[in-house]
Amino acid sequence: MDERKNYFDRLQKGDEAALDYYIKNNIQTLTFFAYKHVRDEQLSEEIACDSFVKLWHNRHLLKNELHLQNFLFRVTRNACLNYLDKQKNKPVLDYDLESLTIADDNDINRKIIYAEFLKLIYDELEKLPKQQALIFKMSFLDGYSTEEICDILKTSKNNVFYAKSKAQATLRLLLKKKKFELYSVLLLAYFYHP
Amino acid sequence: MLDTQLIAFLIKKYLHNELTTEESLLFREWLNADAENVKLLSELETADKVFTDLSIYNRIAERQKEGTKLTALTEKIKERTRQDEKQPKPIRARSKRALNWIKYAAAILILFSSIYVYIKQTSDVPYPSENHSTHFSDIAPGTNRAILKLPNGKTIDLDNDADGIIADNTTISYADGRKIEIANSSAPQNAIVTLEVPLRGQYHVTLSDGTKVWVNAGSKLHYPLHFEGNQRAVELEGEAYFEVSTDEIPFIVKSKNQTLKVLGTKFNISAYDERKEIITTLVEGKVALGSENIQEAPLVLTPGQQSIFNGKRFSKTKVDVEQFIAWKNGQFYFDGVSPEEAFSQLAKWYDIDIVYEGTTPKFEFFGIIDRGKNLSGVLDILKKSGLNFKLEAQGTHRKLIIQDEQTY
């Protein structure tokens, strides 16, 4: 918390390193959040970048870290809605801070919570050791058998099984009400980088 | 205003079953505030949407992590802030809103401290015990043990240390050569004896033709002291691994209503009573499977194939045979087996009842585990898959309770 407070203070004082920190920690989630509205990766990234520009210009007006997070998501959402309206030849709404601080907008809150939740899960997958990630990829995407993985990676069967178990524990929350097939689907999706 | 990061964090902990009591109350508070929140949670739990979105999230994240992409984006943002600095256009803010926010924060703080006091007062009260079961911490693994039932009704407790028994015409001896006394030596040579292996046991027997059989826990093998005439036939209840010595006389294994016929080969049959299917796995050679219940031509297995017979129909698949014969090499071998399968193996080897608290967990086990381990050692490994266990004894019954995730 102290660290977060520290960065918040530095941002307000105009320290660009603090901006780096917020970009690094939020840009993925914001881009995802924008993508859910506009369905275009390139555009989502543009919008997310713009949100940080807006953050920088309005940094003096932010009360605290919490306010900052909400600000980022809300300007992103508004930019997306503006874009979608533009597509429909509707007049462009200008974003302003007033519309951004309305507290009873529970719907957007839930969308933000959802995006933040995905970030937490993704971060957890990222924490898996490289070897483990590789083993999942080989077994679930490339369809290698346990023996083949052992041969290629020069590792023991127990290591392969251990890696699969660890991933399963990590993803366990997603398996609560699902059959295992879906778990495989997730791994496929997770390791598929077009 | 709501701390969305905190709520996301609480949801994650809730799904992982890691909420502290304080957090749990806060989480409930949020959940009860709006029916839509409950809907969001159930969406996360059913996972469909999460799967799709996680893959999108991953794609975006991977894109931005590539090489110097993040640095480039950061530079782009900073470049824009500098351009815009020349004509700044800050957004107007109203202080009234800020006041609102402080009220929220204060409310949360008060909530937090009152929850804390509440818990402090209640958590010291011990819970009354609801049943008379006692906890116990461990069970030693199964060993080599079995009894031999002779045609005259006599039973012999077989030596635990011996490396199996060998049938040799009219006599039976241990592998090290010690003779086993069979009182009634007038029994006909083709008299059937039964090797009965209890739960927490396994045993190895060499038949009169040299065929080797490893009999698993909770199983019976009926076989003649000596094979006579033009048939070698045994009957199996439960599970056993066979290395049939090559001979022109076919070797027949009957299990329930399945009949397996071979000349010489290695295979495993699992035909426990409580299971509907008979599973036959071929390691070497060739076997033919049939049943009195069906008229079709026998099903032929080649090495690496497995047949599953449900009493009416045979089906054939290709498998990694090692996992089906690992037990005779002293291993549990789980390569993606269901909890039911894994636990039924533990139930036999440790002589325990399996109880599911709540629903049967839906996921798979992976691991090769030494069968010489105590139960606790095995459970420690299975815990890596994210399950929790409790051991309880009621009278002579020992139960392994598989605990469900926290249900809300």
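Note on naming: letters A, B, ... go to the chains in the order of the sequence lines (proteins, then strands), and numbering restarts at 1 for each one. Remember, predicted model here, so these are calculated numbers, not experimental data.
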Classify the side-chain pair B/Tyr57/A/Thr31 by whether it contains a donor and acceptor separated by less than 3.5 Å. no
Contacting region of B/Leu70 [heavy-atom separation from chain A under 4.5 Å]: side chain
Quick check on A/Ser156 against chain B: is it the side chain, the backbone, both or neither that has a heavy atom closer than 4.5 Å? neither
Between A/Lys119 and A/Glu116 (salt bridge meaning N to carboxylate O under 4.0 Å), is one present in this structure? no
Salt bridge (Lys or Arg N to Asp or Glu O under 4.0 Å) involving A/Arg39 - partner list, sequence neighbours excluded: none
For A/Gln69, which atoms come within 4.5 Å of any heavy atom of chain B: side chain, backbone, both, or neither? side chain
Donor-acceptor pair between A/Glu41 and A/Ser44 side chains, under 3.5 angstrom: no
Might you confirm whether atom NZ of B/Lys316 has over 12 heavy atoms from other residues, nucleotides or ligands at distances under 6.0 Å? yes
Is it the side chain or the backbone of A/Tyr35 that comes within 4.5 Å of chain B heavy atoms, both, or neither? side chain
Please state whether the side chain, the backbone, both or neither of A/Leu19 comes within less than 4.5 Å of a heavy atom of chain B. side chain
In terms of heavy-atom proximity below 4.5 Å to chain B, should A/Thr146 be classed as side chain, backbone, both, or neither? side chain
Proximity breakdown for B/Phe334 and chain A, heavy-atom pairs closer than 4.5 Å: backbone
Report, as yes or no, whether the 6.0 Å neighbourhood of atom NZ on B/Lys69 holds more than 12 heavy atoms from other residues, nucleotides or ligands. yes
